[in-house]
Every structure is written in structure tokens, then in C-alpha cells.
2 protein chains.
Amino acid sequence: MNLPGAQPARQQNPGGSGPSGRSLDPHLGRYARRAEGMRASEVRALFAVASRPEVVSLAGGMPNLAALPLDALAEDVARLVAAEGQTVLQYGSAQGLPTLREQICEVMALEGISAHPDDVVVTVGSQMALDMVTRVFCDPGDVVLAEAPSYVGALSTFSAYQAEVVHVEMDDHGLVPEALRQALGALAARGRRVKFLYTIPNFHNPAGVTLAVARRSEVLEICAEHGVLVVEDNPYGLLGFSDQTYPALRSVEQDNVVYLGSFSKTFASGLRVGWALAPHAVREKLVLAAESATLCPPAFTQAVVSRFLSRYDWRGQVKQFRAAYRERRDAMLSALDQHLPAGCRWTRPEGGFYVWLTVPEGVDTKAMLPRAVTQRVAYVPGTAFYADGLGSRQMRLSYCYPTPERIREGVRRLASVLEGELELLDTFGARGSEQRPGLTGPHSPSPDTA
Amino acid sequence: MNLPGAQPARQQNPGGSGPSGRSLDPHLGRYARRAEGMRASEVRALFAVASRPEVVSLAGGMPNLAALPLDALAEDVARLVAAEGQTVLQYGSAQGLPTLREQICEVMALEGISAHPDDVVVTVGSQMALDMVTRVFCDPGDVVLAEAPSYVGALSTFSAYQAEVVHVEMDDHGLVPEALRQALGALAARGRRVKFLYTIPNFHNPAGVTLAVARRSEVLEICAEHGVLVVEDNPYGLLGFSDQTYPALRSVEQDNVVYLGSFSKTFASGLRVGWALAPHAVREKLVLAAESATLCPPAFTQAVVSRFLSRYDWRGQVKQFRAAYRERRDAMLSALDQHLPAGCRWTRPEGGFYVWLTVPEGVDTKAMLPRAVTQRVAYVPGTAFYADGLGSRQMRLSYCYPTPERIREGVRRLASVLEGELELLDTFGARGSEQRPGLTGPHSPSPDTA
């Protein structure tokens, strides 16, 4: 997942957005309506806590960069500055460096995409690509469909543009086509305007599932029938543990898909280089939107990525990342199998960074979090990934950053916290009674209890 | 000025935004209303033309980086990657690196600003800071006040948020306080909601004038009286040719000013590192807005700027830039004095990058541009800097990038183009008759004919 690192302590204070802060903010009556939805997320507050070294953080989505060849990179970046400093330290094109856009087409070809560099727009991470797509398409009140659960950063972008998110059910094979069809039908019946389906087909964040290949054409057809654009977010596509890559939705359908890609997980997140691939007319709008947003992405970071792609065995590098994440995924799954109390269910990701865990009825993952942190383990409560309040019985566990040993220790601690919760619930009889039906996340992926 | 570099030729084609493109765009009915205002600007199309080596471009706002110590920078960036790669290639805080925010406070202190690093938000160039401020404050239909003329990139951001720009008159001493008072009174009488005054007090882009020190408190007081925020954009403040720095508006008034700064002109534009300094509650909103826009600014480029500030004599570097730009300004002014036909008037900047030229009645700078480019000189027509169609008798000339010799050659060519236009007008009697009153830019700064 794309989440910023720890914030200084003062920033965790809700400040202007809390009840007391509100009354102290002299600018309160001046904000745009969209600013009302801008509140510090649960995830954000968590990072400050989880960044303490004694806490095992299974919360963050930071890629593990240990495998990067830093010394070689250092030399190469130095050559870049010395030889091309006048260019790479200067303003560049709003659409991005032409050479990099060609290389991006080669990267996308690995997932079956045939594209022209003219239709690629380089952005400041794929988060900015998502922001630009929403800017170009969404008026306040428009509907965006997203999987249930969905990427927290996307929900926050949609909220910034006052779009309404309607979640669509997933199961272990990803988005459920029939649920998509029903949602679109129901929205049409209510006269609602749906602008696009936002989907993460591969190694989903946070659900850890992958859209079955057989479903891909169906999802595209349903959207085309309803005149709804597909926004395919694919930051993890090359990080499959079986070395298998799935055909991108964009490889099946060109005219109705905007594809978002990123180098944050396959190279370095701190460079903030992502992109959008869009049908020609949409690409034109995206470039104009990007120009008014940042003028142009940094030429320097683009040049660093471009050199990495042209001078390194980047496919080999991605393979190394895959092996490292696979080892961590294995550590997490075996620790979950070994330690978690009965009644817990979780997904078994074939790639990417995340496991989606459903805990027994009666346990509220958000309420439990402070106790977990006290026992030195952190996670992201499921509610962060829903726009509609669901997810209180779920949590996202990430295995991307800690070592396998730390992951095992983290899961042990989590299991002990859960045992404590269940014991309390049994003692005070709250279990199975306080929880209203539906709150446990009926739209969450079905568990893999194997 | 902040403008991206040359675009590939295909991009100049209006594509989806032209009449023929519209009918070919299957997504046409899907765009947000704000996308209607997203059109390729005159300036954008110019860059493709003006980037040909035989053309002297007085159009671009690219800083001159020749003075940068590239070899030393290269070594230093290499040390950064080798020693701190695991940090600087990783996600960072949405607000920006704490060390850099401290250093930014030191930079701002040069203009009399006393600020806390907690109130600084690092952005992807100050363009993104402007985008975030507009996002936080402007609903569609809200009014933003801006000088006449104003920075083209700001006009495009305001348009992206469907804010209405009302221009306020300037003269040789910058924004005219009485005109500001009148504009606010007239808007209040019409029941219009004004969100902020956007102003570039120092070495204005494009007008080349500076707000008189005596006017600064008055402008602040007028805005405070009317409950209107001040957004102070100051990319050129340290580039005054007399070594004088002016007191920032933010140094006079803290609670009602959002200050925007940039390293694009004092270090390197290709790193895209800018910032906003805002009252605490506003800063909180800006961070949340930025998080949904890009997650975080690139840690890598921030670290490069931070090292530059801590390890180099950056004040000496700024001094070198100032000397280089002063030499170019002198070359342009003396060439204008020497070559331009009677009836032309222009501003005499005391810093920054730009001269604002008013040509004799009857000449339309936008219509003349193709003929100028044919004669191998380019500029930006004045209309680009107005939201209301004014500026047809004005143009912006920039002296930041070409050598003094090229500047002189460019002005000679421009003079010859203008002579040709005037000759035609005299021959066919169009002069002084086709031009309706008002179109020549009544709100533009008054000329300095000395």
C-alpha cells in the first residue's frame, strides 16, 4: 500500500479537524465543501505509533528496499548529474520524459499490454494519476464503484472530489461479476451517474486476492454495457509469487480502460514515479490536469528511473523482490496457521503485500488496536478500507517490510491479543450478541480456512 | 515563470479538445464539468516551436542553471544514495522531511518571516502548493482575486477548480490598494464570495513590477477587513538585482497569509521542491489534501535540496544567479531602448525573470506571434495572463534563459517584426480604428517610458 511514513507527534493532534480545534480555527467558514471530508485517517495516526522500534508493524505498506544495489545506483546517479545536470535539474514536459514513456511501454508489455508512449502520462506516483483521473471525470455526487474493501488512498482521493463510493462484493477470486452487474443496475434504476469502476485486479490491497482470469472479460463487458469506464490500478502486478503474470484488463480492452502503474514497488517508492495509460482523448485531458497540478513531474527522479531501466537487470531485480516478499508471505501464513485462535479466517495472497484477516464475531478490530499496540504489534483496522463503515471485524496485515522473524513474532503477539479479547467476550457474554448483522463485513472476500 | 519544457509534436494537436477531436472522443459525455476548461494554452503550443535552436525564445521561464556546481553536486548525491538510500528511496511524510522544513524556515527568515517548521508543507513545486490551497478553499463559483495580469499557471489552477478570477489593477508599484478595495466592495455588493487574493508581490510574473513596501500593510489590512485570505506567491523574492529583499507579506501578518515558496529559481526546477507556509489549521488541511493528491513528495528530491542547503554556500549560489539574471535584464532593457519602435512601453524589473511590453495600438500580439516565430523570435502573448480576454496589446518577454547576446539578437528580431506590423497598419489604415477601447489592457501595469 502507498502510505507515507511516520509523522511528527504534533501532527497527530487533530488540530483544526477536532471539535476543540474547530472552534479555534479562524478560517473555518472559508473552506471549500470538499474540505469537510478531509480528516486524518486511522492509518495516519497509526504510523506514529507503529514506527516505534519495539512495535512490530504489520500496518505499513512500505516496500522492502534492502535488495537494491545502492552503491551501483549511487555511482550511476552521480554520472547522471555530472553529465546531464543541465537537463535533469530543469523543468521537463508535463507528460513526462519521452524515453521513460517508451520504457514504461516495455514494462507494461510484460502483462500483455500493447501501448504507444504518446498515451502514457508520467505522474508523481500512481496516487497522482488516480487524483488526475478523478479530477477529469468526477463531479460532486458522481458515483465511483470500488471493491469492498478498497485501497484507503483511493477512497481518500474520491472523497476529495466529493464522489460517492459504492462498494462491490469480492470473493477469493476477486470482484464478483454478478455483484457488479447488480450494483450498476440498482444505481441506474436510481438515476445515479456512475463514472468509473476503480479496481485492483492483482494481489489486491487490502484484500490479498486476485481477479480470476475467466472473470476479466466479463467485468470489462459489464462496464462497457453500462457505459462505465474501468480504472485499473496495478502496482503489484509484477510481484506474483508463482512468477505468473496475469493479463491486464487493459490488454483485453483498450478504449474503455485507464491503466495506472507505479515504480514504487518494483524499484523505489521515494522517487514517486508512477503513470497512467489512457485512451488518446483522455490522456490529453490528464496532461492538462497534471500541468495545472504540478506543471511537470520531477525530471530528475524520472531520469533516475529511466537509467535504472536501461542499465540494470531490472527484471532480475523484480525477481529478487518477489523472492523476498514470498518468503515473508510464507512466514506470515504459517504463523497465522500456527497461532491464531479458532474462528479467524484469512486470505492467502499469491503476490503483493497483504493478508486480509477476519476475526471472530464480537471482536472490533478498531477498538482492539490500542490494546494490540500496548502488546507491541500494529495493523490497520478494516474500517479504513470501506467508505461505508463496514470492516469492523477485519484487519489488514502487511508482510512487506518486517523480516520473517519479526513477522512471526508480530503474529504471535497478535494471537495473544486476540485470545485476550475472546476470553473477555466469553466472560462477559458479549460475544455474538453486541454485533449487529452486516457489520462484520458481508462484502469482504470470503475466507480461506485451509 | 514555471512552465514545462517542449512537448512532442503530436501533443500540440488539440486532439480531444478541438472541434474535430470532440466528435471523435467516445468519453466526451463522461468528463467532469471542470474538464471543459482544460484546454491547451497558447504558452504550451509555443514551447514546441520556440524550442527549435534557430529561434530565440523570449517565451520560456526556465531558470538558467549554468552556474550550478554539477560535479560537486554529483558526488554529493552519490554519497546520499550510498549512505541513506534505504531512507531517501522510501516513502516519506506527507508534510515533507522535518530537516528540510527547518531549513525552509531559515530561507524564509531572509525575507523577515518568522515561522515554525510544523507550519510548513513541502510540495511538488509551488504549483502543487497553489493547487492544494485552491482545493482546500475554493468551491465552484467562488471568486479569487488576482493581479492584472497574473501568472498563467495560477489561472489554470483556479480554472481547474471552477473558481472565477477577478483581476485587480496594478501599476509600476504593484497592486493598487484602492483598486483592491473597489473590487472587494463591488463583489460584496453583488453578494459574491471571495476566497482569497492571489498575489506575487516581488518581481511579478509576468508584469516585472514589485509591490511598494508602503502598500504592503494596506493590502493586508484591506483583505483582513473584507475577511479575505492572502495567498502570497514568492518564487523570485531572493532574486532582486539590488541585493535588496523586500519584507514578505507573511512577515507583516501571520494569521491571514498563506505563503508559497520554491527552490525552482534559487536551486533547481527539475527537483520540483516548493512549499506552503500556512496558519496552523490551514496547514493541517493542506497536508491532508496533499496526502490524497500524491501521498508524499519525493523523499529523494527533498533530501537533495536539504543537502544542498546544509553543505553548500547556497547564499553565494543565489548571489551568482542574481548577477547572471541582472546581466541578462540589462541586455534586454538596453536592446529594447535601442531597437523598439516609438509607441512601445515596457516595465523595468528590479529582479526576477520578466519584462512586460505594451505595443502600439492596432498591433495584436497573439495574431503577430506566427510572424515573429517565422522571424525566429518567440514571446508569450499577453492574453495568456488574463482570465478575461485582455492583454492583446501586451506580451511577456523573459530574459532568464538565453545568453545576453541571444537576448539582444532576439530583441532586434522582435523590433523588426513590430516595424513590419506598424508599416502594414499605416499602409492599410487599420491603426487606431480596429481596436475597441479596453482591449489594450487597461488593467496592465503602466509603462515605464524612461
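Here is how names work: the chains are called A, B, and so on, in the same order as the sequence lines, proteins then strands, and each is numbered from 1. Below, each value reflects all heavy atoms present in this structure, side chains not excepted, and no hydrogens, waters or symmetry copies.
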Count the heavy-atom pairs under 4.5 Å between each of [options] and chain A, then report the option with the highest count.
| options | answer |
| --- | --- |
| B/F158, B/F267, B/F196, B/Y161 | B/Y161 |
| B/R193, B/M132, B/Q162, B/R79 | B/R193 |
| B/S159, B/A66, B/G125 | B/A66 |

So which atom in [X] and which in [Y] form the shortest heavy-atom distance, rounded to 0.1 Å?
| X | Y | answer |
| --- | --- | --- |
| A/A82 | B/D71 | CB-OD1, 3.7 Å |
| A/S264 | B/Y91 | CB-OH, 3.5 Å |
| B/P298 | A/V124 | CD-CG1, 4.4 Å |
| A/L70 | B/V81 | O-CG1, 3.7 Å |
| A/D139 | B/Y31 | OD2-O, 4.3 Å |

Can you say whether [X] sits under 4.5 Å from chain B via the side chain, the backbone, both, or neither, judging by heavy atoms?
| X | answer |
| --- | --- |
| A/V77 | side chain |
| A/V228 | backbone |
| A/P297 | backbone |
| A/D76 | neither |
| A/R135 | both |
| A/L229 | both |

To the nearest 0.5 Å, what is the distance between [atom1] ([X]) and [atom2] ([Y])?
| X | Y | atom1 | atom2 | result |
| --- | --- | --- | --- | --- |
| B/M38 | A/L286 | CE | CG | 9.0 Å |
| A/L295 | B/T157 | CG | OG1 | 7.5 Å |
| B/T294 | A/M128 | OG1 | CE | 8.5 Å |

Heavy-atom contact with chain A under 4.5 Å, split by part of [X]:
| X | value |
| --- | --- |
| B/L68 | side chain |
| B/A160 | side chain |
| B/Y401 | side chain |
| B/T134 | backbone |

Would you say [X]'s side chain and [Y]'s backbone share a donor-acceptor pair under 3.5 angstrom?
| X | Y | value |
| --- | --- | --- |
| B/E75 | A/A78 | no |
| A/R30 | B/F137 | no |
| A/Q90 | B/P63 | yes |

[X] side chain near [Y] side chain, heavy-atom distance below 4.5 Å:
| X | Y | answer |
| --- | --- | --- |
| A/T301 | B/R272 | no |
| B/H280 | A/D25 | no |
| A/H27 | B/P279 | yes |

Greatest number of heavy atom pairs closer than 4.5 Å to chain B - which of A/V304, A/V282, A/T87 = A/V282

Among the listed options A/N256, A/V273, A/L130, the residue most often paired with chain B at heavy-atom distances under 4.5 Å = A/N256

